[in-house]
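On a predicted model such as this, the values are computed, not experimentally measured, just so you know. Nothing fancy with the numbering, it's 1 onward along the sequence.
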Amino acid sequence: RQRCRADGRALRKLPVHVGLVVTEEEPSYADMASLVVWCMAVGISYVSVYDHNGIFKRNNSRLMDEILKQQQELIGLDCSKYTVEFANQDKTGQVLNCQSTLKVLSPEDGKADIVKAARNFCQLVAQQQRTHTDLDVNVLDNLLSSTNGFPDPDLVLKFGPVDSTLGFLPWHIRLTEIISLPSHLNISYEEFFSALHHYAACEQRWGK
């Protein structure tokens, strides 16, 4: 635990929101739980977990159990509450002793959420509560339900051989740094921290 905190402080920059995207067919609850707990232990405020089949989201209680177990192993009895949110669901829980928030996402929280937001905006226009000229980036951001209260991801760690994020929050990753890793299976803390170190060393030009 102390090592994680020290590592987080040692980085030149730490992402505020990290997306953990699994493109492999057989996701591992234990390995994903390790990644989530490590993110929170180094001081990352927001974490999104995503797999393109929605397995983690459908089995979020199993993932939560594994996170609780590993959190206990990492920091022992010294733990307090933080909010765990499952996108489009009313579920909360307690895990780690830092002010971090977790969302478990699936493809329905990507393109489908954009379609839903566009439909809602059209309804507002039809009801004369909005005009078509009101639509801009901020308005659309506010209409998206899956990431309500979350900043856009600074960093996505993509696991697996597929050279794609497979529908992970397509609206929100315009400026996101994406780092590909071979697999999340049996991933070590050293591999995870190496990716954070790589991110910290990147010069982001914001499209310039």
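The closest side-chain heavy-atom distance from Leu35 to Asp31 is not below 4.5 Å. Annotation: side chain of Ile187 is in contact with side chain of Leu181 (closest heavy-atom distance under 4.5 Å). Proximity of Phe193 to Leu11: side-chain heavy atoms (C-beta onward) are separated by under 4.5 Å at one or more points. The shortest distance between side-chain heavy atoms of Ser34 and Phe192 does not fall below 4.5 Å. Side chains of Val18 and Tyr199 form no contact here, defined as non-hydrogen atoms less than 4.5 Å apart. Residues Gln71 and Val36 have side chains not in contact (no heavy-atom distance under 4.5 Å, counting atoms from C-beta outward). Annotation: side chain of Thr23 is in contact with side chain of Pro161 (closest heavy-atom distance under 4.5 Å). The closest side-chain heavy-atom distance from Leu102 to Met40 is below 4.5 Å.
Nearest heavy atoms, Ile44 versus Pro15: CG1-O, 3.6 Å. Nearest heavy-atom pair across Lys13 and Cys202 is NZ-O, 3.0 Å.
In this structure a side-chain-to-backbone donor-acceptor pair under 3.5 Å is present from His17 to Pro151. Although no hydrogens or angles enter the test, the distance criterion places no donor-acceptor pair under 3.5 Å between the side chain of Arg5 and the main chain of Val42. With hydrogens and angles ignored, the 3.5 Å screen pairs no side-chain donor or acceptor of Asp152 with any backbone N or O of Ile173. Side chain of Asp51 to main chain of Gly54: a donor-acceptor pair is present (N/O by atom type, distance under 3.5 Å, no hydrogens or angles). Judged by distance alone, the side chain of Asn53 and the main-chain N or O of Ile55 form no donor-acceptor pair under 3.5 Å. Judged by distance alone, with hydrogens and angles left aside, the side-chain atoms of Ser45 form no donor-acceptor pair with the main-chain N or O of Val16 at under 3.5 Å.
Ser28 and His184 share no side-chain donor-acceptor pair at under 3.5 Å. Neither side chain, Glu191 nor Ser194, offers a donor N or O lying under 3.5 Å from an acceptor on the other.
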- [ ] Could you go through the side chain to side chain contact (heavy atoms under 4.5 Å, CB included) check for Glu24 and Glu26 one step at a time?
- [x] CA-CA 6 Å; Glu24 295 157 284; Glu26 297 294 334; 6.0 Å; no

- [ ] I would like to know whether Leu155 and Leu196 meet side chain to side chain contact (heavy atoms under 4.5 Å, CB included); could you show each step before the answer?
- [x] CA-CA 9 Å; Leu155 171 65; Leu196 291 186; 3.8 Å; yes

Open item on the list: Between Glu177 and Lys158, does the salt bridge (charged side-chain N to carboxylate O under 4.0 Å, His left out) criterion hold? Intermediate values first, please.
Closed with: CA-CA 10 Å; Glu177 189 73 27; Lys158 182 191 71 65; over 6 Å; no

Open item on the list: Could you go through Leu157 and Val21, starting from their C-alpha distance and side-chain angles, then the distance that decides it, and tell me whether this counts as side chain to side chain contact (heavy atoms under 4.5 Å, CB included)?
Closed with: CA-CA 6 Å; Leu157 299 182; Val21 176; over 6 Å; no

- [ ] Just do the side chain to side chain contact (heavy atoms under 4.5 Å, CB included) check on Tyr29 and Ile67 with the steps written out, would you?
- [x] CA-CA 9 Å; Tyr29 293 89; Ile67 292 172; over 6 Å; no

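Separating the CD1 atom in Ile178 from the OG atom in Ser180 is a distance of 7.5 Å, to the nearest 0.5 Å. Once rounded to the nearest 0.5 Å, the distance linking CD1 of Ile179 with NE2 of His197 reads 11.5 Å. The CH2 atom of Trp38 lies 11.0 Å from the CG atom of Leu20; values are rounded to the nearest 0.5 Å.
Contact check on Lys69 versus Asp65 returns no salt bridge, with no Lys/Arg side-chain nitrogen under 4.0 Å from an Asp/Glu carboxylate oxygen.
The neighbour count for Gln128 CD, taken as heavy atoms of other residues, nucleotides or ligands under 6.0 Å away, does not exceed 12.
Between Phe56 and Tyr50, the distance separating the two ring centers is not shorter than 6.0 angstrom.
Taken together through direct or relayed side-chain contacts under 4.5 Å among Ile, Leu, Val, Met, Phe, Trp and Tyr, Val162 and Leu169 form parts of separate hydrophobic clusters.
Between Gln70 and the options Gln72, Glu73, Glu66, a side-chain hydrogen bond (donor to acceptor under 3.5 Å, both in side chains) holds for only Glu66.
With a 6.0 Å cutoff to the six-membered ring centre and a 45° limit on the axis angle, Lys103 does not count as a cation-pi contact of Tyr46.
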